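Written below as structure tokens is the structure these notes are about.
Residue numbers run from 1 in the order of the sequence given. Note that the coordinates shown come from a computational prediction; the quantities given were computed from them, not determined experimentally.
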Amino acid sequence: MSKEVVTRRANDNQYLHKDFHGALSVGLDYIAQRFGKDAVRDYLRQFARAYYAPLTDELGQRGLIALKEHFEQVYRVEGAEPRISLTDDDLFLELETCPAVMHMRKEGYPVSPLFFETVRTVNEAICEGTAFDAELLDYDGATGHSIQHFFRRPS
């Protein structure tokens, strides 16, 4: 009997982490119940500043194009098609539905009332220390529909 050896690498597979969002949502509720809403924002800010430090550096060096490229790549992996409008001073990103929220709803996971902070607080943290800031203009907790605005801070 011959033996067949199959060699695979992690990047040979499509990477999806949809169930991560369900765990994150439960974690946000846990933090909020035990320590309050500000603790949720502090946690997300601390995480984003560390995890997205390379993106923050790119934003500082290259401007909003760095965010556009980042979001295009992230949402391509997630299976979403954001509408993005970019100028030198503004980036608008609109998602019809958030893949994470829709996955959680489909699978019956609870969606934290603070899940929108994974957009608002994380985006603000990514912009910290750069010439840019972020605001969440619209968010629908039922679908995750959002309108996000990144803009150059006034001088």
Atom [atom1] of [X] and atom [atom2] of [Y]: how far apart are they, to the nearest 0.5 Å?
X: Ile84; Y: Tyr75; atom1: CD1; atom2: OH; result: 8.5 Å
X: Ile31; Y: Lys37; atom1: CD1; atom2: NZ; result: 14.5 Å
X: Glu107; Y: His21; atom1: CD; atom2: NE2; result: 13.0 Å
X: Leu67; Y: Asn123; atom1: CG; atom2: CG; result: 8.0 Å
X: Leu64; Y: Phe150; atom1: CG; atom2: CZ; result: 8.5 Å
X: Leu136; Y: Thr121; atom1: CG; atom2: OG1; result: 9.5 Å

Determine yes or no for a side-chain-to-main-chain donor-acceptor pair under 3.5 angstrom, with [X] supplying the side chain and [Y] the backbone.
X: Thr56; Y: Ile126; result: yes
X: Arg152; Y: Asp88; result: yes
X: Ser25; Y: Ser112; result: yes
X: Arg153; Y: Thr130; result: yes
X: Thr87; Y: Asp89; result: yes

Exercise: identify the closest heavy-atom pair between [X] and [Y]:
X: Val101; Y: Ala142; result: CG1-O, 3.8 Å
X: Ala66; Y: Leu59; result: CB-N, 3.9 Å
X: Arg41; Y: Asp38; result: NH2-OD1, 3.1 Å
X: Tyr51; Y: Pro54; result: O-CD, 3.7 Å
X: Leu44; Y: Thr118; result: CD1-N, 3.9 Å
X: Ser146; Y: Tyr139; result: CB-CD1, 3.9 Å

Note to self: One pair to check against side chain to side chain contact (heavy atoms under 4.5 Å, CB included): Glu96 and Thr143. What are the steps and the verdict?
What the structure shows: CA-CA 8 Å; Glu96 201 57 42; Thr143 64; over 6 Å; no

Notebook entry, point to check: Any salt bridge between Glu72 and Lys68, counting N to O under 4.0 Å?
Noted result: yes

Find out whether [X] and [Y] are in side-chain contact, i.e. whether some heavy atom of one side chain is under 4.5 Å from a heavy atom of the other.
X: Glu58; Y: Glu69; result: no
X: Leu93; Y: Ile147; result: no
X: Leu28; Y: Glu117; result: no
X: Arg120; Y: Gln148; result: no

Next item on the list: Quick one: sort the Phe92 and His149 rings into parallel, tilted or perpendicular, breaks at 30° and 60°.
Entry: parallel

Above 12 or not: heavy atoms from other molecules or residues under 6.0 Å from [atom1] of [X]?
X: Glu81; atom1: CD; answer: no
X: Gln46; atom1: CD; answer: no
X: Arg49; atom1: CZ; answer: no
X: Phe151; atom1: CZ; answer: yes

Spell out, yes or no, whether [X] and [Y] are grouped together once hydrophobic residues are joined by side-chain heavy atoms under 4.5 Å, including indirect joins.
X: Leu137; Y: Phe132; result: no
X: Val119; Y: Met102; result: no
X: Met104; Y: Val77; result: no
X: Leu24; Y: Tyr52; result: yes
X: Val122; Y: Phe71; result: yes

Margin query: Between Tyr109 and Phe115, is the ring centroid distance below 6.0 Å?
Written below: no

Notebook entry, point to check: Can you check salt bridge (Lys or Arg N to Asp or Glu O under 4.0 Å) on Glu124 and Arg45, steps first, answer last?
Noted result: CA-CA 8 Å; Glu124 289 172 357; Arg45 188 175 301 107; 5.1 Å; no

Note to self: Run the side chain to side chain contact (heavy atoms under 4.5 Å, CB included) test on Leu114 and Asp29 for me, step by step, so that the C-alpha distance in whole Å, both residues' side-chain angles and the decisive distance to 0.1 Å come before the verdict.
What the structure shows: CA-CA 8 Å; Leu114 294 175; Asp29 281 346; 5.6 Å; no

